[in-house]
Amino acid sequence: QVQLVESGGGLVQPGGSLRLSCAASGTFVSINSMDWYRQAPGKQRELVAAITSGGSTNYADSVKGRFTVSRDNAKNTAFLEMNSLKPEDTAVYYCHEHVFLPRVVGLSSIWGQGTQVTVSS
């Protein structure tokens, strides 16, 4: 089994910063993409940022220039650095990864439990 554990969420004032972490543990061959999604109350879950195994990144237009996704392959950990936070960034943030599992053909989709980010004065 593979588990993703997120940390770093919390309450921050508008204009502030937070850094989310997502650590993978368990038995897997390798991690392909590492993504961050978020879901605000009453809204659909949306992709915020993604980073491939080669380090290529992709961002939602709403966070470009403010958020930075990165990964530490040696520690099987993904990060989301969030700056200039706005009230509309308030949501539960989920880590998602595509991994290769032993004896399983193709990629498997793994989700974290989510961490709350609240931007409010």
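Numbers here simply count residues along the sequence, with the first being 1. It should be emphasised that the depicted structure is a prediction, and the values quoted were computed from it without experimental measurement.
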**Q** Which atom names give the shortest non-hydrogen contact between Ala91 and Arg38, and what distance separates them?
**A** CB-CB, 3.8 Å
**Q** Find out whether Gln44 and Tyr37 are in side-chain contact, i.e. whether some heavy atom of one side chain is under 4.5 Å from a heavy atom of the other.
**A** no
**Q** Give the minimum heavy-atom separation between Val2 and Ile110, together with the two atoms involved.
**A** O-CG2, 3.9 Å
**Q** Side chains of Thr115 and Tyr94: does their closest heavy-atom pair fall under 4.5 Å?
**A** no
**Q** Measuring from atom CD of Glu46 to atom CH2 of Trp36, what distance do you get when rounded to the nearest 0.5 angstrom?
**A** 14.5 Å
**Q** Would you call the rings of Tyr93 and Phe67 parallel, tilted or perpendicular, where under 30° means parallel and over 60° means perpendicular?
**A** tilted
**Q** Got a second to check how far Trp111's CH2 is from Leu4's CG, nearest 0.5 Å?
**A** 10.0 Å
**Q** Does the side chain of Val92 reach to within under 4.5 Å of the side chain of Val117, using non-hydrogen atoms?
**A** no
**Q** Which residue in the set Asp35, Val48, Thr57 passes side-chain contact (heavy atoms from CB on, under 4.5 Å) when paired with Val69?
**A** Thr57
**Q** Once rounded to the nearest 0.5 Å, what's the spacing between atom OG of Ser21 and atom CD of Glu81?
**A** 9.0 Å
**Q** Please examine the side chains of Pro102 and Thr27, heavy atoms only from C-beta on, and report whether any two atoms are closer than 4.5 Å.
**A** yes
**Q** So, for Pro14 and Ser121, which heavy atoms are closest and what is the spacing to 0.1 Å?
**A** CD-N, 3.7 Å
**Q** Would Ser108 and His98 count as a side-chain hydrogen bond (donor to acceptor under 3.5 Å, both in side chains) if you check the C-alpha gap in whole Å, the side-chain angles of each, and the deciding distance to 0.1 Å?
**A** CA-CA 5 Å; Ser108 298; His98 282 115; over 6 Å; no
**Q** Should Met34 and Cys22 be marked as a side-chain contact (heavy atoms from CB on, under 4.5 Å) after you check the CA-CA gap, both sets of side-chain angles, and the distance that decides it?
**A** CA-CA 9 Å; Met34 295 175 140; Cys22 173; over 6 Å; no
**Q** Linking I/L/V/M/F/W/Y whenever their side-chain heavy atoms sit closer than 4.5 Å, directly or via other members, would Leu47 and Ile51 fall into one cluster?
**A** no
**Q** To the nearest 0.5 Å, tell me how far Asn32 CG sits from Thr52 OG1.
**A** 7.5 Å
**Q** Evaluate the side-chain proximity of Arg71 to Ser53: yes if any heavy-atom separation is below 4.5 Å, no if none is.
**A** yes
**Q** Can we say Asp61 and Lys64 salt-bridge, meaning some charged N sits less than 4.0 Å from an Asp/Glu carboxylate O?
**A** yes
**Q** What is the distance from atom OG1 of Thr68 to atom CG of Asn83, rounded to the nearest 0.5 Å?
**A** 6.5 Å
**Q** Rounded to the nearest 0.5 Å, what's the gap from OG1 on Thr118 to CD on Gln13? Could you check?
**A** 13.0 Å
**Q** Evaluate the side-chain proximity of Met82 to Asp89: yes if any heavy-atom separation is below 4.5 Å, no if none is.
**A** no
**Q** CD of Glu88: more than 12 outside heavy atoms within 6.0 angstrom?
**A** yes
**Q** On a heavy-atom basis, which atom in Ser84 and which in Ser17 lie closest, and how many Å separate them?
**A** N-OG, 4.4 Å
**Q** Report yes or no: is the cationic atom of Arg19 (NZ for Lys, CZ for Arg) under 6.0 Å from the centre of the six-membered ring of Phe79, at an angle within 45° of the ring normal?
**A** yes
**Q** Give a yes or no on this: more than 12 heavy atoms of other residues, nucleotides or ligands lie within 6.0 Å of atom CD of Gln116.
**A** yes
**Q** Give a yes or no answer on whether the side chain of Thr77 reaches the backbone of Asp72 with a donor-acceptor pair at less than 3.5 Å.
**A** no
**Q** Please test Leu101 against Gln1 for side-chain contact (heavy atoms from CB on, under 4.5 Å), starting from the C-alpha separation and ending with a verdict.
**A** CA-CA 9 Å; Leu101 299 176; Gln1 296 290 337; over 6 Å; no
**Q** Any side-chain heavy atom of Ser62 within less than 4.5 Å of one from Lys86?
**A** no
**Q** Can you see which heavy atom on Glu97 is nearest to which on Ala24, and at what distance?
**A** OE1-CB, 3.8 Å
**Q** A side-chain contact here means heavy atoms from C-beta on lying under 4.5 Å apart; do Ser120 and Leu11 qualify?
**A** yes
**Q** If every non-hydrogen atom of Gly106 is compared with every non-hydrogen atom of Phe100, which pair is closest and at what distance?
**A** O-CD2, 3.7 Å
